Engineer: 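Just dropping this structure here.
Computed from a prediction, not measured in an experiment: that's the story for all the values here.
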Amino acid sequence: MPTPAPSTNWWARYLKVRRGMMASLSGTLATMGPAVPYANAAKLAYPDRPVIAFSGDGAAQMIGNAELVTTAKYWRRWSNPTFVLCVFKNRDLNQVTWEQRVLAGDPRYVVSQDVPDFPFARYAELLGLTGVTVDDPEELGDAWERVLAADRPALLEVVVDPEVPPLPPHITVTQAEKMAEAMIEGDPERVGVLEKSLLGKLEELKESLPGRS
């Protein structure tokens, strides 16, 4: 399961890698765009095993789209065709946006952070692959079943909210201060960010209460 930033944050928080599974991240340099190249390499090395990759839409546009051409070229040689690229689509270079907020106290800089809209699922279909788009959380389970059952590589395009903060379980005082500074400086998404930051922490608190495990 190869993963680059920003989906790495969510991958690290929620995915449980079981014995016998193999996984790769983009490394401590947070390299942008290795998900599909890593996935292609994994599939070439282990053609009988399912491979799942996660990518943000910025990384997918930077490298992933081109590497899907490689996927389309070779997939018929694989004994197991299960190969899924899950693209988190929020039209934002979200990893950098949040780094700027919590490390430098800078508000989101729209000029550099906006990512053009792109029809990832339709593009996959043009390559002869399976493409599925989902923007409703209630439909996500069915969407995963569709791509995992596909008879060829599939791209799952998931529309997500850029205002939901990838907050770790514990944040430092400095991080909280920098984020507050970014909001005060006029972050264009400050209302949504503050609301969803609070909701996220309340959900974590609820999960930590006795009887919620």
Side-chain angles (χ1 to χ4, degrees), residues 1-12 15 22-100 109-135 140 143-144 146-162 166:
M1 284 174 289
T3 307
S7 47
T8 301
N9 295 329
W10 304 108
W11 185 96
L15 188 67
M22 292 183 284
S24 297
L25 293 172
S26 55
T28 54
L29 292 177
T31 306
M32 183 175 174
V36 187
Y38 281 19
N40 282 333
K43 200 64 172 174
L44 290 170
Y46 300 95
D48 59 326
R49 302 188 66 167
V51 171
I52 301 173
F54 295 88
S55 175
D57 51 355
Q61 290 189 39
M62 181 181 183
I63 295 176
N65 286 343
E67 275 297 304
L68 275 181
V69 177
T70 304
T71 307
K73 177 180 179 180
Y74 289 107
W75 76 267
R76 289 177 179 83
R77 303 182 187 182
W78 304 336
S79 53
N80 179 345
T82 303
F83 176 107
V84 179
L85 169 61
C86 178
V87 178
F88 292 4
K89 180 177 178 178
N90 55 24
R91 299 188 62 187
D92 179 44
L93 293 176
N94 208 238
Q95 181 82 2
V96 176
T97 292
W98 280 100
E99 285 178 344
Q100 290 174 334
Y109 188 53
V110 176
V111 174
S112 66
Q113 298 309 103
D114 270 359
V115 174
D117 196 4
F118 186 86
F120 293 99
R122 283 194 288 154
Y123 171 72
E125 291 172 347
L126 286 174
L127 294 176
L129 311 179
T130 296
V132 176
T133 300
V134 61
D135 60 6
L140 187 58
W144 271 108
R146 287 175 61 191
V147 294
L148 289 171
D151 63 354
R152 64 195 61 210
L155 186 147
L156 177 58
E157 178 181 5
V158 182
V159 180
V160 297
D161 188 343

Engineer: If you define the side chain from C-beta out and look only at heavy atoms, does anything of Val84 sit under 4.5 Å from Trp144?
Structural biologist: yes
Engineer: Are more than 12 heavy atoms from other residues, nucleotides or ligands located less than 6.0 Å from atom CZ of Arg146?
Structural biologist: no
Engineer: Just jot down the side-chain hydrogen bond (donor to acceptor under 3.5 Å, both in side chains) partners of Asp135, sequence neighbours excluded, or say none.
Structural biologist: none
Engineer: Could you grab the distance from atom CG of Leu155 to atom OG of Ser55, nearest 0.5 Å is fine?
Structural biologist: 9.0 Å
Engineer: What are the two closest non-hydrogen atoms of Asp57 and Val87, and how far apart are they?
Structural biologist: CA-CG1, 3.9 Å
Engineer: Using the test side-chain contact (heavy atoms from CB on, under 4.5 Å), find all partners of Val160 that sit at least two apart in sequence or belong to another chain.
Structural biologist: Phe88, Asn90, Val158
Engineer: Could you report the tightest heavy-atom contact between Pro37 and Gly33, atom names first, then the distance?
Structural biologist: CD-O, 3.6 Å
Engineer: List the atom pairs, with distances to 0.1 Å, where a side-chain N or O of residues 115-131 and a protein N or O form a donor-acceptor pair under 3.5 Å, not counting sequence neighbours.
Structural biologist:
{"residue": "Asp117", "atom": "OD1", "partner": "Lys89", "partner atom": "NZ", "Å": "2.7"}
{"residue": "Tyr123", "atom": "OH", "partner": "Asn65", "partner atom": "O", "Å": "2.7"}

Engineer: Taking side-chain hydrogen bond (donor to acceptor under 3.5 Å, both in side chains) as the test, write out the residues that go with Glu67, two or more places apart.
Structural biologist: Asn40
Engineer: Just jot down the ring pair (Phe, Tyr, Trp, His ring centres under 6.0 Å) partners of Trp78, sequence neighbours excluded, or say none.
Structural biologist: Phe83
Engineer: Answer yes or no: is there a donor N or O on one side and an acceptor on the other, between the side chain of Lys43 and the main chain of Arg49, under 3.5 Å?
Structural biologist: yes
Engineer: Mind checking what makes side-chain contact (heavy atoms from CB on, under 4.5 Å) contact with Asp48, not counting sequence neighbours?
Structural biologist: Tyr46, Ser79
Engineer: Going through the checks in order, is the side chain to side chain contact (heavy atoms under 4.5 Å, CB included) test met by Val36 and Ile63?
Structural biologist: CA-CA 8 Å; Val36 187; Ile63 295 176; over 6 Å; no
